[in-house]
Amino acid sequence: MGRGKIEIKRIENSTNRQVTYSKRRGGIFKKAREITVLCDAEVSLIMFSSTGKLSEYCSPSTTTKKAYDRFQEVSGINLWSSHYEKMQNHLNKLKEENSNLRREIRQRMGEDLDGLEMEELRGLEQNMDGALKVVRERKYHVVHTQCDTYRKKIRNLEDTNKRFLRALEGRDESGVFLYDDSGRPDCESAFGLDNGGPHMFGFRLQPCQPNLHDAGYGTNDRLA
């Protein structure tokens with residue numbers, strides 16, 4: 001019993017449609033390869049599925065571009081004319097925009113003003129005033145920021161200078177003089193204080209305070 005005749009119409013079921021496309025695509029490509037080998041023909045085949053997926057085959061002896069060029073030569077149809085026209089139109093549009101921008105730059109520099117009417121000149125003046133205002137605001141902001149930075153640096157230098165002066169004079173941060181065991185200003189201890197060293201200093205005990213020399217703080221002394 002022979003195969004039934006299949007009606008050529010769109011397959012409504014998407015799954016069946018995709019399966020049929022895959023099978024028949026393979027068959028077409030197989031025939032194209034056979035024709036290339038058996039008949040020494042140059043074949044270029046391009047196929048797009050309903051989902052936009054590209055499938056192509058080209059004979060090893062040629063390329064797709066060469067096949068299109070030969071088609072144009074034989075048929076007299078220019079395949080690239082519409083695309084070339086679109087690219088040419090886009091290029092002309094870009095050239096016009098570039099020319100307008102260059103003219104606007106020259107006008108902002110005070111050139112090429114002869115063809116402008118009063119309204120155009122007034123608009124150009126307003127645009128330049130607005131741009132000048134923005135530039136000035138930015139300049140003042142930069143100057144203010146730099147001044148604040150310099151003030152902070154000056155304050156830091158002044159604080160550092162004061163600490164060094166106190167260290168040379170043998171005083172701590174509260175202004176109290178620091179002495180070593182010999183009664184001289186203890187500059188090393190002061191430098192240690194300024195440089196974050198341990199806060200331990202030698203103080204000289206004056207003879208006018210005998211109670212400090214004689215008094216004892218041990219447990220036995222208190223009991224006695």
Side-chain angles (χ1 to χ4, degrees), residues 51-54 65 80-209 211-213 215 217:
T51 59
K53 184 178 180 180
L54 169 66
K65 184 180 183 303
W80 316 110
S81 59
S82 59
H83 183 63
Y84 175 78
E85 290 178 0
K86 291 180 180 178
M87 294 182 62
Q88 191 66 34
N89 292 334
H90 183 63
L91 178 61
N92 293 334
K93 183 178 179 181
L94 293 177
K95 287 182 177 180
E96 183 179 359
E97 292 179 357
N98 182 58
S99 177
N100 293 335
L101 291 174
R102 289 181 176 272
R103 183 173 62 254
E104 183 177 351
I105 292 174
R106 291 195 301 270
Q107 291 173 352
R108 288 180 178 270
M109 297 294 294
E111 303 174 0
D112 199 8
L113 301 177
D114 296 337
L116 297 181
E117 300 293 336
M118 180 60 67
E119 293 297 329
E120 294 175 335
L121 290 171
R122 185 179 292 109
L124 178 61
E125 182 181 12
Q126 293 176 354
N127 291 336
M128 294 182 66
D129 289 340
L132 181 60
K133 180 180 179 182
V134 173
V135 173
R136 283 177 176 172
E137 290 178 352
R138 178 58 184 172
K139 182 186 70 174
Y140 293 149
H141 174 73
V142 172
V143 171
H144 181 72
T145 302
Q146 290 180 351
C147 289
D148 289 342
T149 301
Y150 293 148
R151 290 193 189 98
K152 292 179 181 179
K153 289 182 179 180
I154 291 173
R155 286 196 297 268
N156 292 334
L157 291 174
E158 290 177 348
D159 294 339
T160 303
N161 184 47
K162 291 178 180 178
R163 288 197 300 270
F164 281 132
L165 289 177
R166 287 195 301 266
L168 290 174
E169 295 174 355
R171 293 184 298 173
D172 61 6
E173 295 184 356
S174 62
V176 178
F177 283 95
L178 307 177
Y179 299 93
D180 56 12
D181 295 336
S182 62
R184 291 175 296 180
D186 190 359
C187 297
E188 294 182 358
S189 298
F191 275 116
L193 176 62
D194 283 340
N195 295 327
H199 297 174
M200 296 180 64
F201 309 97
F203 292 91
R204 181 183 180 187
L205 300 179
Q206 302 297 330
C208 60
Q209 297 176 338
N211 57 331
L212 296 180
H213 290 280
Y217 294 94

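Predicted model, so just to flag it, every value in this text is computed and none were measured. All heavy atoms count here, side chains included; hydrogens, waters and symmetry mates do not. Heads up: numbering here begins at 1 and tracks the sequence.
At a threshold of 4.0 Å, the pair Glu119-Arg122 counts as salt-bridged, since one of the basic side-chain nitrogens sits closer than that to a carboxylate oxygen. Taking a cutoff of 4.0 Å between a charged side-chain nitrogen and a carboxylate oxygen, Glu158 and Lys162 do not qualify as a salt bridge.
Rounded to the nearest 0.5 Å, atoms CD (Gln107) and CG (Leu121) are 8.5 Å apart. Between the OG1 atom of Thr160 and the CG atom of Leu165 there is a distance of 11.0 Å, given to the nearest 0.5 Å. Between the CG atom in Asp129 and the CG atom in Leu124 there is a gap of 9.5 Å [rounded to 0.5 Å]. A distance of 11.0 Å separates CG in Leu101 from CZ in Arg106, rounded to the nearest 0.5 Å. In this structure, OG on Ser81 lies 10.5 Å from NZ on Lys86, to the nearest 0.5 angstrom.
Under the side chain to side chain contact (heavy atoms under 4.5 Å, CB included) criterion, Gln88 pairs with Tyr84, Leu91, Asn92, sequence neighbours left out. Listed by chain and residue number, Glu96, Arg103 satisfy the side chain to side chain contact (heavy atoms under 4.5 Å, CB included) test with Asn100 (two or more places apart in sequence, or in another chain). Residues forming a side chain to side chain contact (heavy atoms under 4.5 Å, CB included) with Leu54 (at least two apart in sequence, or on another chain): Ile46, Phe48, Glu56.
Scanning all heavy atoms of the two residues, the minimum distance from Met128 to Arg108 falls at CE-O, 3.4 Å.
In terms of modelled atom types and a separation under 3.5 Å, the side chain of Asn98 and the main chain of Leu94 share no donor-acceptor contact. Checked by atom type and distance alone, the side chain of Ser99 never pairs as donor or acceptor with a backbone atom of Lys95 at under 3.5 Å.
Remark: Arg102 CZ is loosely packed, at most 12 non-hydrogen atoms of other residues, nucleotides or ligands lying under 6.0 Å away. In Glu97, the CD atom is crowded: over 12 heavy atoms of neighbouring residues, nucleotides or ligands sit closer than 6.0 Å.
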